[in-house]
Amino acid sequence: GLKVYRTAAFGSGIISSFVFFISSFIFLLRRRKTYDIIHVHLVSGHALSAILLKLFFGKKILVKFGGARSTGDIGTSLSRPLGRLKLFIVRRFFNAFAAPSREVYDEIISFGFNKNKISIIPNGVDTDLFRPVSCPEKSSIRKVLNLEEKDFVCVYTGRIEMGKGIELALKAWEKMPDNAVLLIVGTGSLLEKFERDVIRKNIIFAGFRKNIQDYLAA
């Protein structure tokens, strides 16, 4: 029931970040009388937009860090020009920070963020949709997905990108027996490469799916 507004972002690298910064700032500026808090998801161009709204209009701002290591907000920022400066600015001006895990929390702390401003808030799960199923339900779902009832099934759901560990899972699966099935559900820039390079029958690339709960239940 919530409205979703999309601001402009095009190009890549610094150009994309700059366009996103400008478009999100204009959006927030025009609607400044309709909100009190800005929740920034990931440390991107819109984080700097939020800081300007705080300085000009006293808005409270918080940022949620999305991950750790090379693909997390700290790692990706440090790999880009002016990334260290961006992190310094975010650390200085944001009122609060949210970390989805202890690993992310520890990484933020190690970079000098004030631990008194950080809360660990795990990502939520709809337990009505994602729940354990009975053996008959599992058997029925496997038939629909063309999976053998006797197979050992492991499922990955998410983006098909570096840093997710998919390449390690694929390598490990070379040592698994044929009745051990690896289901990879999702899409991303590496999907075509993996589909081209991996030809084992017990590794299935399901692509983008809306019924993720069925694959996990299976």
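No more than 12 heavy atoms of other residues, nucleotides or ligands lie within 6.0 Å of CD1 in I199, so this atom counts as exposed by the packing criterion. Residue L78 qualifies as enclosed at atom CG: its count of foreign heavy atoms under 6.0 Å is above 12. More than 12 heavy-atom neighbours from other residues, nucleotides or ligands sit within 6.0 angstrom of CZ on F130. By the neighbour-count criterion of 12 heavy atoms within 6.0 Å, atom CZ of R32 is densely surrounded, having more than that number from other residues, nucleotides or ligands. Under a cut-off of 6.0 angstrom, the local environment of CD in E192 is sparse, with at most 12 non-hydrogen atoms contributed by other residues, nucleotides or ligands. Shown here is I109, whose CD1 atom has more than 12 heavy atoms of other residues, nucleotides or ligands within 6.0 Å. More than 12 heavy atoms of other residues, nucleotides or ligands sit less than 6.0 Å from atom NZ of K117.
Residues I26 and L53 are members of one and the same hydrophobic cluster, defined by side-chain heavy-atom contacts under 4.5 angstrom among Ile, Leu, Val, Met, Phe, Trp and Tyr. If you chain together hydrophobic residues whose side chains sit under 4.5 Å apart, V90 and I121 never meet in one group. Hydrophobic clustering of Ile, Leu, Val, Met, Phe, Trp and Tyr side chains at less than 4.5 Å, counting indirect connections, unites L48 with F27. Hydrophobic clustering, with ILVMFWY side chains joined whenever heavy atoms are under 4.5 angstrom apart, groups I118 together with I89. Residues L28 and V43 are members of one and the same hydrophobic cluster, defined by side-chain heavy-atom contacts under 4.5 angstrom among Ile, Leu, Val, Met, Phe, Trp and Tyr.
For A217 against I141, the heavy-atom pair with the smallest separation is CB-CD1, 3.7 Å. Nearest heavy atom pair, residue F111 against residue R91, reads O-NH1, 2.7 Å. When all heavy atoms of Q213 and L129 are compared, the pair lying nearest together is CB-O, 3.6 Å. Annotation for H41 and H46: closest pair O-NE2, 3.0 Å, computed over non-hydrogen atoms. Taking all atoms of both residues into account, the shortest heavy-atom contact from Y35 to K59 is O-NZ, 2.6 Å. Minimum heavy-atom separation, C154 to W173: CB-CH2, 3.5 Å.
At a threshold of 4.0 Å, the pair R131-E137 counts as salt-bridged, since one of the basic side-chain nitrogens sits closer than that to a carboxylate oxygen.
Within the 3.5 Å criterion, the main-chain N or O of L147 finds no donor-acceptor partner in the side chain of R142. Checked by atom type and distance alone, the side chain of S139 never pairs as donor or acceptor with a backbone atom of C135 at under 3.5 Å. Judged by distance alone, the side chain of S140 and the main-chain N or O of P136 form no donor-acceptor pair under 3.5 Å. Proximity of a side-chain donor or acceptor of S23 to a complementary backbone N or O of A8 within less than 3.5 Å is detected. With hydrogens and angles ignored, the 3.5 Å screen pairs no side-chain donor or acceptor of R69 with any backbone N or O of G163. For S17 (side chain) and G45 (main-chain N/O), no donor-acceptor pair under 3.5 Å exists by modelled atom type. A donor-acceptor pair is defined here as one N or O able to donate and one able to accept, closer than 3.5 Å; no such pair exists between the side chain of E103 and the backbone of A68.
Separation of the F113 and F65 ring centroids falls under the 6.0 Å cut-off.
Separation of atoms CZ (R102) and CG (D106) is listed at 5.5 Å; rounding is to 0.5 Å. Here the CG-CG distance, from L216 to N211, works out to 10.0 Å after rounding to the nearest 0.5 Å. How far CD of E148 is from NZ of K150: 4.5 Å, rounded to the nearest 0.5 Å.
Between K54 and N95, some side-chain heavy-atom pair lies under the 4.5 Å cut-off. The shortest distance between side-chain heavy atoms of V40 and I61 does not fall below 4.5 Å. For the pair L29 and L52, the minimum side-chain heavy-atom distance is 4.5 Å or more. Proximity of I166 to L190: side-chain heavy atoms (C-beta onward) are nowhere separated by under 4.5 Å. You'll find the side chain of V153 reaches within 4.5 Å of the side chain of L183, heavy atoms only. Within the 4.5 Å cutoff, no side-chain heavy atoms of V104 are placed close to those of I74. In this structure the side chain of F25 never reaches within 4.5 angstrom of the side chain of F20, judged on heavy atoms. When side chains are defined from C-beta on, V144 does not count as touching D214, because their heavy atoms never get closer than 4.5 Å.
Side-chain contact, K64 with N123: a donor N or O sits under 3.5 Å from an acceptor N or O. A donor and an acceptor atom, one from each side chain of N202 and R200, are located under 3.5 Å apart.
A cation-pi contact, defined as under 6.0 Å to the ring centre and within 45° of the axis, links R31 to Y5.
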Practice item. Please assess S77 against R84 for the test side-chain contact (heavy atoms from CB on, under 4.5 Å), listing each intermediate value before the final yes or no. Key: CA-CA 6 Å; S77 294; R84 187 175 291 274; over 6 Å; no
Exercise for review: Before giving the answer on side-chain contact (heavy atoms from CB on, under 4.5 Å), spell out for F194 and I184 the whole-Å C-alpha distance, their side-chain angles and the decisive distance to 0.1 Å.
Suggested key: CA-CA 10 Å; F194 287 149; I184 299 179; over 6 Å; no
